Amino acid sequence: MAANGPSEGFSVNARCLAFHGPLLYESKILKTYFPNEKNAGIDIEQIPEENRAAVAYLIHYKGWKSSWDEWLPQERVLRWTEENLRMQRELKNEALQQLRNKKVGGSGQRELTPTASTAVTSSSQKRKESAKELTDLAKATKKTRREADEKDEEYFSHLDVNIVVPDTLKAQLADDWENITKNSQLVKLPRSPNIQEILLEFRTFYMKRRLGNAETEILDEILAGLQLYFDKSLGSILLYRFERQQYLEVTRGNPGKVPSEIYGAEHLVRLFVSLPGLLSHTHMDQQSINVLKAHVEELLRFLAKNQKTYFVESYINSTPAYEAISRGL
């Protein structure tokens, strides 16, 4: 797809299209930056260092809160033309099609994607198939988790991933690891809000952008898929050894509930740290991964902005009896 891109003459308040992740959104130019010029009224420290060597634009995405305004390099900002509007529609359609694809050409295998089989699909057979695929994935990663259990620090080092985790959540993960593996503390369960409630609140927040039908369907598929990923992988790869006894107790005490109805943001963030490794077991192509990555990173930023609401302030101390049982697991 050819693009009719911007020139250095883009003016302030100009209507444009800007890339956010793999998709294009209607936007407006708030400020322009030119290297080696005075750029009055611009705090250069607000511009990412990698964007300072060339022309950059401060972008406001139409319908989004100003907290999402960001400096973009000129290659990510396109002129408002029929050609680029057509490309915007094509990118939406391609992304939706990639997420709908379920077959790997000629192999006979189903493609494992984070596509939802719950809220966005009416076929119970498809729900069963997706659940089975994720169960198989969780089993395939048990060995990796067991090896990591032998050295919890090694598991924590998996923060070096392709998905960008905000610094505040990295600190949260560090505290989480220390509280559990070093201080023998636990997150009090069940959590409120739980993961299902958090994902629903994120959807409400995201929908304020007045998305089209295709983008809404992509969002719903990804969120329901993430919930399914969490439910199927928690017991196998997302828990520290010290938490396993609590997992057994809380699941027995809440019959009929899935983990995403019991656990909260503390454990959800761990899923995103492990997600690149989980995706390595799938046949997702780069386009699908890019779409998923863009949504996950937005969800992470949403969690970071609402950290005081979604994360516990303190962990609970375990009893001597619990410690004795858990150490034997």
Side-chain angles (χ1 to χ4, degrees), residues 1-96 98 162-169 202 205-212 214-216 218-219 222 286-287 289-306:
M1 288 174 288
N4 183 1
S7 70
E8 296 185 5
F10 244 144
S11 59
V12 173
N13 293 323
R15 190 184 193 187
C16 62
L17 291 167
F19 278 100
H20 190 81
L23 300 178
L24 280 167
Y25 296 91
E26 180 178 349
S27 307
K28 181 175 72 173
I29 304 289
L30 298 181
K31 294 181 180 180
T32 60
Y33 165 80
F34 299 96
N36 304 317
E37 294 189 14
K38 291 184 178 180
N39 295 297
I42 294 177
D43 181 359
I44 194 170
E45 294 301 320
Q46 294 181 357
I47 303 176
E49 190 171 351
E50 64 270 19
N51 293 341
R52 297 176 191 172
V55 176
Y57 301 99
L58 180 61
I59 295 297
H60 173 72
Y61 298 98
K62 183 179 179 181
W64 300 21
K65 291 184 178 180
S66 58
S67 58
W68 291 95
D69 296 351
E70 61 178 337
W71 284 96
L72 297 180
Q74 59 180 336
E75 60 267 19
R76 287 181 58 190
V77 185
L78 305 182
R79 291 195 178 280
W80 186 271
T81 66
E82 286 301 321
E83 181 182 358
N84 289 335
L85 288 170
R86 183 168 58 252
M87 183 173 72
Q88 179 192 37
R89 293 190 294 269
E90 290 173 357
L91 287 172
K92 289 180 184 178
N93 293 335
E94 285 179 9
L96 181 58
Q98 292 290 346
N162 292 329
I163 291 174
V164 177
V165 179
D167 288 342
T168 55
L169 294 187
F202 173 70
F205 161 78
Y206 201 96
M207 290 295 293
K208 292 178 181 179
R209 302 173 188 180
R210 298 190 292 275
L211 305 179
E215 290 174 284
T216 300
I218 290 173
L219 174 65
I222 287 177
Q286 192 60 51
Q287 175 72 9
I289 289 175
N290 287 344
V291 173
L292 174 61
K293 181 177 182 291
H295 283 78
V296 166
E297 289 182 349
E298 292 211 27
L299 175 53
L300 285 167
R301 288 192 289 268
F302 174 77
L303 291 173
K305 287 176 181 289
N306 297 279

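Position 1 is the first residue of the sequence; numbering continues from there. The structure presented is a predicted model; accordingly, all values stated were derived computationally and were not measured.
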Hey, could you give me the [atom1]/[atom2] distance between [X] and [Y], rounded to the nearest 0.5 Å?
X: Leu72; Y: Gln74; atom1: CG; atom2: CD; value: 11.5 Å
X: His295; Y: Asn290; atom1: NE2; atom2: CG; value: 12.0 Å
X: Arg301; Y: Leu169; atom1: CZ; atom2: CG; value: 11.0 Å
X: Leu299; Y: Leu292; atom1: CG; atom2: CG; value: 10.5 Å
X: Lys305; Y: Trp68; atom1: NZ; atom2: CH2; value: 6.0 Å
X: Ile222; Y: Tyr206; atom1: CD1; atom2: OH; value: 8.0 Å

Tell me if the CD atom of Glu49 is crowded by more than 12 foreign heavy atoms within 6.0 Å.
no
Between Ile163 and Leu300, is the side chain to side chain contact (heavy atoms under 4.5 Å, CB included) condition met? List the steps.
CA-CA 10 Å; Ile163 291 174; Leu300 285 167; 3.6 Å; yes
Hey, are the side chains of [X] and [Y] touching, using non-hydrogen atoms and a 4.5 Å cut-off?
X: Glu26; Y: Trp80; value: yes
X: Leu17; Y: Val77; value: no
X: Trp71; Y: Leu30; value: no
X: Leu219; Y: Met207; value: yes
X: Lys31; Y: Asn39; value: no
X: Pro166; Y: Leu303; value: no
X: Lys28; Y: Arg15; value: no
X: Asn84; Y: Arg79; value: yes

Of the non-hydrogen atoms in [X] and [Y], which two are nearest, and what is the gap between them?
X: Met87; Y: Phe19; result: CE-CZ, 4.2 Å
X: Leu78; Y: Cys16; result: O-CB, 3.2 Å
X: Phe34; Y: Thr32; result: CE1-OG1, 3.5 Å
X: Leu23; Y: Leu91; result: CD2-O, 3.7 Å
X: Ser27; Y: Ile59; result: CB-CG2, 3.5 Å
X: Gln88; Y: Leu24; result: NE2-O, 2.9 Å

Is it true that Glu82 and Arg86 have a side-chain N and a carboxylate O under 4.0 angstrom from each other?
no
Is the backbone N or O of Phe302 less than 3.5 Å from a side-chain atom of Asn306, with the two atoms forming a donor-acceptor pair by type?
yes
Can you confirm if the aromatic rings of Tyr57 and Tyr33 lie within a centre distance of less than 6.0 Å?
no
Could you verify whether a donor N or O on one side chain and an acceptor N or O on the other, from Glu70 and Tyr61, lie under 3.5 Å apart?
yes
